[in-house]
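Remarks on the structure that follows.
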Amino acid sequence: MEINTLMGKRRQIVRRSVIAAMEAAQAAGKLSYEQLADFAVERPREAAHGDFAVNIAMLMAKQCGMAPRDIARTIAEYIDFNNTTIAKMEIAGPGFINFRMADDWLASCLDEIVDQGEDFGRLDLGQGEKIQVEFVSANPTGELHMGNARGAAIGDSLAAILELAGFEASREFYVNDAGNQIEKFANTLNALYLIELGEEIEFPEDGYHGADLPLLIKKLVAEIGDKYQQIEEPLRKEYLAEYALREKLAAIKAALENFGVNYDVWFSERNLHDSGAVKDVIDQLGQRGWLLEKEGALWLDCERFGEEKPEVLVRANGIPTYFAADIAYHRDKYQRGFDKVIDIWGADHHGHVARMKGAMEALGYDYDRLEVILMQFVRLYKDGELLKMSKRTGTYVTLDELVEEVGRDAARFFFVMRSADSLIDFDMDLAKSTRADNPVYYVQYAHARICSILAQANGLVDQQAKVDFTLLQDESEHQLALDLAYFPDQVAYAAMHRAPHHIASYLLDLAGHLHNFYGQCHCIIDDLELMAARLALMKATAFVLKKGLSLLGVSAPEKM
RNA sequence: GCGCUCAUAGCUCAGCUGGAUAGAGUGUCUGGCUACGAACCAGAAGGUCGCAGGUUCGAGUCCUGCUGGGCGCACCA
């Protein structure tokens, strides 16, 4: 299946010609095969290898009982590229067939890019399929740390890429406002509140040590004083937790917005319990025969989908586990009509993946409808020393501090330029000191550079008029044009492989080729037609840089 | 012990359904601003792609084993 992009259409021309040649050769008795292999039309790494390379001869060798180069020669004999944009083909290496397009083909690509204007890069790959991307979903008991920042950058970019590729993406944050940790949270707040009012009580052993909570309590005391001191402890804890959750959640939301991340849905775990959805999903699993009763608890029979052991859904004390709520949550996602669900989790949750997908299958949902992207950790170094990230002990760098220290653009680019499955060592001091040679500035600089030149060229030529792109003959111009032409394919690749970092790599390449072009060719020159063509090339480059950066949540300043 | 994951240049990382001579940044060295932004460019040097097998016409990419790092194996979330 060839994707319907600017380059995809051109690959399709090559593909059809090759298939026609194979069929003609077969009809003439020169080749004999049962079925055509699913061959590739790809972009060769070396420019010397032409514009497109086809590997069909190697793939068909066994079936045809011929050497690859002989098959290639036979294809050459029967291929007909009259009425196509193919200029010539040659056989190379072990049997590659390299195609070179007509001289003006890159110019035609640029024409098409200009014609598409603002829509360039938009694809219909998703066909409006509804995809939910759930990410961060940090416990609302503390502040967001570096790991959350990474998840936010990856999740938000992935959603943006999916949207551009034609999917209907929804960003969601699952608020864990129920369960065990809320109880601990309430105990912590209770202690802090009473201590703040001068009572001599012990701080709970498993309490939260973050520096944010005492501040929050101070703020509350300033507002209401000792109003809660006299009421019953359970009620006091409830009030305190209520207040703190509201405040913490607002802070989390603000921090994410400040990071350029905006959610469509904030989904409350507590609602799942209150609405009976958790109980209901357990009943449903029971009806389907997936439950076991053992030692007073209710278990999901995970061994039936290959897991080592069953998992508890309802504890002996009657309280459902996090896993039970999570199953209800994921069922709810499907009930809301999402065709696909993508969860971005920290690597420490990997043990949860198979049983979550298994549970969905137990409910009758297709195993592949849930995808989990596991994100490796961010290890934080300060003064050359590893900082253990822990909410419990309160030693971590928050998202707000990160944005404050290194800036939003640099932080987002940094997190999204690495694939999710690489472990990141983040040196806070280094991030600050080397801010000038951060890769994000390389890309942004290319954009600013173009804007500056376009501004200076303003009025010298009619920038709206149609230009003759065949005038662009320099190697650096061709390279740049090629990069631009491949942009939609890059979006498609990043969307299909759930790989936002691919866009970052592409942008670094594109920026490099722009800078190279800048060194090779001058834009403001006496030859007005050539100038117009170069300005249009740069304008298209600026557009793609800006579009690409926007997918990563990074700004494209005109001056810097 | 079992499971997931990663290992590519001194360092940080890319490497596009397996494809031709493995790339970039950074660091080191050399050269380039009295024409459009030097936060830039050009060039040099730097590799047994962790190790050993296997599949294939072809393996950094797929499979198996091993070594090493990270993570997980709760009636926590």
Side-chain angles (χ1 to χ4, degrees), chain A residues 1 38 40 42-46 48-49 53 55 57-59 61-62 67-69 92-96 98 139 176 178-182 184 206 269 294-299 307-309 311-317 319-323 325-326 346-354 374 376-377 379 417-419 421-425 427 430 434-442 444-446 448-457 486 489-490 492-494 496-497 499 501-502 504-506 508-509 511-512 514-525 531 534-535 538 559-560:
Chain A
M1 245 300 266
D38 184 18
E42 51 194 10
R43 175 184 186 177
R45 201 163 35 209
E46 303 281 328
H49 293 150
N55 63 348
M58 281 97 81
L59 299 178
K62 195 165 275 180
R69 291 190 67 108
F96 285 103
N98 294 332
N139 281 334
N176 298 130
N180 227 316
Q181 86 279 8
I182 293 300
K184 275 192 226 169
D206 56 355
E269 177 186 353
K294 204 173 59 171
E295 296 154 23
L298 211 49
W299 308 64
E307 286 292 277
E308 262 177 47
K309 51 184 189 296
E311 285 295 324
V312 175
L313 291 180
V314 182
R315 287 178 269 247
N317 63 13
I319 298 173
T321 60
Y322 170 86
F323 184 39
D326 217 10
D348 54 336
H349 285 66
H350 70 75
H352 195 51
V353 176
L374 286 177
Q376 295 299 316
F377 282 14
R379 273 195 306 208
M417 69 187 278
R418 263 105 146 164
S419 79
D421 42 38
S422 74
L423 186 71
I424 290 184
D425 286 333
D427 188 322
L430 203 66
T434 62
R435 63 167 58 180
D437 34 63
N438 189 308
V440 72
Y441 297 112
Y442 185 75
Q444 288 181 321
Y445 183 64
R449 204 171 212 185
I450 295 172
C451 291
S452 164
I453 296 168
L454 289 178
Q456 287 169 66
Y486 271 106
D489 294 76
Q490 305 291 345
Y493 182 87
M496 296 315 287
H497 290 80
H501 75 280
H502 193 78
S505 290
Y506 166 75
L508 285 166
D509 271 353
L514 181 278
H515 290 309
N516 176 255
F517 159 74
Y518 174 84
Q520 302 297 320
C521 303
H522 287 278
C523 295
I524 298 176
I525 48 177
M531 168 154 73
R534 285 183 174 161
L535 291 176
M538 286 213 298
K559 282 183 189 149
M560 53 192 287

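In what follows, every chain begins at residue 1, and chains take the letters A, B, ... in the order their sequences are listed.
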Annotated protein contacts, base or backbone, on nucleotides 15-25 of chain B with a non-hydrogen cut-off under 4.0 Å, one of B, S, - each: SSB-BB-----
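Comparing B:G43 with B:C49, their C1' atoms are spaced 25 Å from each other, to the whole Å. The C1' atoms of B:A20 and B:C29 are separated by 32 Å, rounded to the nearest whole Å. With P as the reference atom, B:C73 and B:G15 are 30 Å apart, rounded to whole Å. A distance of about 45 Å separates the C1' atoms of B:U8 and B:C75, rounded to the whole Å. The same atom, P, is picked in B:A74 and in B:G69; the two are 23 Å apart, to the nearest Å. Nucleotides B:G53 and B:C41 are separated by 42 Å at their P atoms, to the nearest Å. B:C33 sits 25 Å from B:A24 when the C1' atoms are compared, rounded to a whole Å. Here, B:C40 and B:U26 have their C1' atoms 16 Å apart, quoted to the whole Å.
Rounded to whole Å, atom C1' of B:G69 lies 15 Å from atom CG of A:D421. What separates CG of A:L514 from P of B:A42 is a distance of 12 Å, to the nearest Å. Per the geometry, CD1 belonging to A:I453 stands 5 Å off P belonging to B:G37, to the nearest Å. Put simply, CD on A:E308 is 12 Å from C1' on B:C4, counting in whole angstrom units. Whole-Å rounding puts the A:R418 CZ to B:C6 P distance at 16 Å. Going from atom CD of A:Q520 over to atom C1' of B:G43 covers 13 Å, rounded to whole Å. For A:E311 and B:A74, the CD to P distance is 8 Å, given to the nearest whole Å. The NE2 atom of A:H349 sits 16 Å away from the C1' atom of B:G70 (whole-angstrom rounding).
A:N176 and A:Q181 make their closest contact through O-NE2, 3.0 Å (heavy atoms, listed as atom of the first residue, atom of the second, distance). Contact detail for A:F323 and A:L313: the closest heavy-atom pair is CD2-CD2, 3.6 Å. A:Y442 and A:H515 make their closest contact through O-NE2, 3.3 Å (heavy atoms, listed as atom of the first residue, atom of the second, distance). Across all their heavy atoms, A:P68 and A:A57 have their closest contact at O-CB, 3.2 Å.
A 4.5 Å side-chain heavy-atom check between A:R43 and A:Y486 finds at least one atom pair inside the cut-off.
Comparing B:C36, B:G72, B:A77 by their nearest atom to the side chain of A:D348 picks out B:G72. Nearest to the side-chain atoms of A:K62 among the listed nucleotides B:A14, B:C57, B:A38 stands B:C57.
Using cut-offs of 30° and 60° on the angle between ring planes, the pair A:H352 and A:Y322 is tilted.
Between the CG atom of A:D509 and the CG atom of A:L514 there is a distance of 12.5 Å, given to the nearest 0.5 Å. Here OG of A:S452 is found 12.5 Å from CE of A:M560. Values are rounded to the nearest 0.5 Å.
Heavy atoms of A:E295 sit under 4.0 angstrom from at least one base atom. Looking at heavy-atom distances under 4.0 Å, A:K559 makes contact with a base. In this structure, A:A316 reaches the bases: a heavy-atom distance under 4.0 Å links it to at least one base atom across the strands shown. Among the atoms of the strands shown, base atoms are found under 4.0 Å from some heavy atom of A:A448. Among the atoms of the strands shown, base atoms are found under 4.0 Å from some heavy atom of A:M560.
Interface remark: the A:H515 side chain does not form any donor-acceptor pair with the B:C41 base, using a distance-only criterion of under 3.5 Å. Between the side chain of A:H352 and the base of B:G72 there is no donor-acceptor pair of N/O atoms closer than 3.5 Å.
Residue A:Y441 places none of its side-chain N or O atoms closer than 4.0 Å to OP1 or OP2 of B:A39. Contact annotation: A:R449 reaches the phosphate of B:A38 (side-chain N/O to OP1 or OP2, under 4.0 Å). Of the side-chain N and O atoms in A:N438, none sit less than 4.0 angstrom from OP1 or OP2 of B:A39. Using a 4.0 Å cut-off, no side-chain N or O of A:Q376 falls inside it from OP1 or OP2 of B:G69.
Annotation for A:K559: atom NZ does not count as buried by contact number, only 12 or fewer foreign heavy atoms lying within 6.0 Å.
Pair assignment for B:U61: none, as no Watson-Crick or G-U wobble contacts are both less than 3.5 Å.
Between A:N180 and A:H522, it is A:H522 whose nearest contact on RNA chain B lies nearer the 5' terminus. For the pair A:Y322 and A:C451, nearest-nucleotide mapping onto RNA chain B gives the more 5' position to A:C451.
Stacking of the aromatic ring of A:F377 onto the base of B:C71 is not found under the criterion of centres within 5.5 Å and planes under 30°.
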